[in-house]
Every structure is written in structure tokens, then in C-alpha cells.
Q: 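If you scroll down you'll find the structure; I have some questions about it.
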Amino acid sequence: MASLTVTDERVGATPAKVIQPAWVRIMHWVNALAMILMILSGWQIYNASPLFGFSFPREYTLGGWLGGGLLWHFAAMWLLMINGLAYLVTGIVTGRFAKKLLPITASGVLHDIRAALTFKLGHDDLTVYNYVQRLLYAGIIVVGVLIVLSGLAIWKPVQLYYLVMLFGDYPAARYVHFFCMAAICAFLVIHVLLALLVPKSLRAMIIGR
């Protein structure tokens with residue numbers, strides 16, 4: 001209790017430091033909106049020509065039919081591409097990615113996974129990402145690049161045939177696109193759960209402090 005009291009007094013005595021700058025918060029929520037729109041409209045498109053023996057429930061799709069799903073998907077695509085590119089460039093130029101996401105080591109990831117499973121992973125300083133966060137955030141950036149490239153290959157297979165060849169062929173590009181979507185969905189679930197477990201991280205992404 002004494003340590004908590006001291007901590008509270010220090011927080012009250014000094015202004016809370018900025019954890020998430022304004023540009024990160026804005027781009028984060030724009031990306032979240034774009035990804036949700038793309039996932040729901042993508043499920044509508046998938047249902048028109050399933051890759052596997054299942055379809056997504058109609059109530060969880062966006063667009064109402066194939067044409068509507070495509071319109072929503074293309075609109076969200078430009079939002080995601082422009083905002084995502086701006087996020088990548090800004091993150092690299094400002095050095096945020098290097099500072100927040102590096103280094104990533106196997107030993108560090110394993111250590112933090114064990115700590116998380118035993119509820120011993122600390123979240124005292126939100127300005128420092130643990131190794132699991134670094135791996136997840138760096139990984140989702142790679143997945144984001146792959147889903148955009150595979151999506152472009154599917155959208156314009158003739159004009160962008162070199163992208164299709166990068167994935168092997170058109171059906172392979174569809175599978176890559178699908179599994180990238182699945183990875184993003186899994187990331188979103190984990191991301192939301194972690195935000196609920198550590199509410200101050202959600203607050204920081206809303207008000208910055």
C-alpha cells in the first residue's frame with residue numbers, strides 16, 4: 001500500500017507524460033476502421049466464391065451482395081493503403097519503429113510469453129513494449145504489406161501480373177489474401193483482449209496519456 005501511495009503522489013505532482021502522440025492515435029483508429037470495413041466486405045466477397053467448405057454468416061458481412069461488397073472493399077482499400085503508407089513512412093522517419101519494435105530476440109519473446117502465462121508480465125511503463133508486443137506489432141506490419149500486395153494481385157491480375165507471379169498464381173494469391181485476413185482477425189482479438197486487461201493502454205490510445 002505504501003508503494004502505491006507514493007506512486008499516486010508522484011503522478012499527482014507531475015503531469016502525465018505523452019505515451020501515444022496524436023499522429024499515432026489518429027492513424028491507429030483510421031486503420032482500425034479501414035480494417036474492419038475490409039474484413040466484413042471481404043467476407044461478402046469470399047462468400048461469392050468460397051475457398052473452403054464454409055461461408056461467413058450473412059449478418060456479419062458488408063455490402064449485401066457481391067457488387068456491394070466490392071464497392072465497400074475498394075473504398076476501404078484506399079483508406080487503408082493511404083493511411084497505412086503514411087503510418088509506415090512516419091514511423092520510420094521519426095524512428096518510432098526502431099525505438100519501439102527493436103530488438104526482437106527469441107529469448108526475449110519466450111521469457112515474456114512465460115511471464116504472461118504466469119501473470120507476471122509487467123505493464124508499468126506503457127512507453128516500452130515487451131517482446132511479445134514487439135513481435136505482434138512487427139508481424140502485423142508484414143501481414144499488412146502482404147495482404148495489400150495479394151489484394152492488388154487479385155484485383156488486377158492482368159495489369160499486375162508480376163504481383164500474381166510473386167505469389168505463384170492467381171489461386172495462390174487468393175489463399176495468401178485469406179490467411180493474411182485470418183491473421184489480422186486473430187491479431188485484433190488478441191489486441192482487444194490485451195486492451196481490456198490493461199485499460200490504461202486503451203486510455204493512452206484515446207487521450208494520449
Side-chain angles (χ1 to χ4, degrees), residues 1-41 60 62 72 75-104 108-109 111-113 115-145 147-148 181 183-209:
M1 285 298 289
S3 61
L4 289 176
T5 303
V6 171
T7 302
D8 290 341
E9 288 176 354
R10 288 177 180 173
V11 171
T14 58
K17 62 181 176 180
V18 175
I19 297 172
Q20 303 291 0
W23 68 268
V24 170
R25 303 198 306 272
I26 293 171
M27 291 182 183
H28 171 273
W29 292 113
V30 171
N31 268 341
L33 173 62
M35 282 195 293
I36 291 172
L37 293 177
M38 290 208 73
I39 289 169
L40 298 182
S41 59
Y60 298 122
L62 181 64
W72 274 105
M77 174 191 74
W78 290 113
L79 180 62
L80 182 65
M81 284 182 59
I82 294 171
N83 188 71
L85 183 60
Y87 180 73
L88 281 175
V89 171
T90 308
I92 293 171
V93 170
T94 60
R96 179 181 174 83
F97 287 169
K99 178 182 178 181
K100 294 284 189 179
L101 304 182
L102 298 177
I104 301 174
V109 172
H111 175 273
D112 283 354
I113 288 176
L117 292 175
T118 54
F119 302 100
K120 295 179 181 178
L121 188 61
H123 299 282
D124 297 329
D125 187 357
L126 294 181
T127 62
V128 179
Y129 290 162
N130 60 57
Y131 283 96
V132 175
Q133 286 176 302
R134 296 179 192 182
L135 181 63
L136 286 174
Y137 294 149
I140 205 63
I141 291 173
V142 175
V143 170
V145 172
I147 202 167
V148 168
M181 177 277 298
I184 290 174
C185 289
F187 172 83
L188 289 176
V189 171
I190 295 172
H191 192 57
V192 170
L193 286 176
L194 290 176
L196 294 176
L197 290 173
V198 189
K200 60 183 179 180
S201 65
L202 178 59
R203 181 187 65 194
M205 191 53 75
I206 296 174
I207 66 174
R209 301 177 184 274

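Numbers for residues simply follow the sequence, beginning at 1. What you are looking at is a predicted structure, and each value in this text was computed from that prediction instead of being measured.
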Q: For a 4.5 angstrom cut-off between non-hydrogen side-chain atoms, does Gln20 reach Ser201?
A: no

Q: Does the side chain of Met205 reach to within under 4.5 Å of the side chain of Ile19, using non-hydrogen atoms?
A: no

Q: At what distance, to the nearest 0.5 angstrom, does CD1 of Ile82 lie from CE of Met77?
A: 9.0 Å

Q: Quick check: do Val148 and Met81 have side-chain heavy atoms less than 4.5 Å from each other?
A: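 Side-chain contact under 4.5 Å: yes.
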
Q: Just by distance, do the side chain of Asp112 and the backbone of Tyr131 share a donor-acceptor pair under 3.5 Å?
A: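 The answer is yes, because a donor-acceptor pair under 3.5 Å joins these two groups.
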
Q: Distance check, rounded to the nearest 0.5 Å: Asn83 atom CG versus Asn31 atom CG?
A: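 Nearest 0.5 Å value for the CG-CG distance: 4.5 Å.
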
Q: What I'd like to find out is whether the side chain of Val24 reaches to under 4.5 Å of the side chain of Thr90, using heavy atoms alone.
A: no

Q: One pair to check against side chain to side chain contact (heavy atoms under 4.5 Å, CB included): Gln133 and Leu136. What are the steps and the verdict?
A: CA-CA 5 Å; Gln133 286 176 302; Leu136 286 174; 5.8 Å; no

Q: Nearest 0.5 Å, what's the OH-CE distance between Tyr87 and Met27?
A: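 Taking OH in Tyr87 and CE in Met27, the distance rounds to 9.0 Å.
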
Q: Over 60° means perpendicular and under 30° means parallel, so tell me whether Tyr137 and His191 are parallel, tilted or perpendicular.
A: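 Because their plane-to-plane angle is over 60°, the rings of Tyr137 and His191 count as perpendicular.
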
Q: Is any side-chain heavy atom of Ile39 closer than 4.5 Å to a side-chain heavy atom of Leu188?
A: yes

Q: Taking the side chain as everything from C-beta on, heavy atoms only, tell me whether His28 gets closer than 4.5 Å to Trp23.
A: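 They are not in side-chain contact.
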
Q: Could you give the distance from CD1 (Ile184) to CD1 (Ile147), rounded to the nearest 0.5 Å?
A: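 Spacing of CD1 (Ile184) from CD1 (Ile147) equals 4.0 Å.
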
Q: With rounding to the nearest 0.5 Å, note down the distance linking CZ in Phe187 to CE in Met35.
A: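 One gets 6.5 Å once the value is rounded to the nearest 0.5 Å.
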
Q: Any heavy-atom pair between the side chains of Ile206 and Arg25 that's under 4.5 Å?
A: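 Side-chain contact under 4.5 Å: no.
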
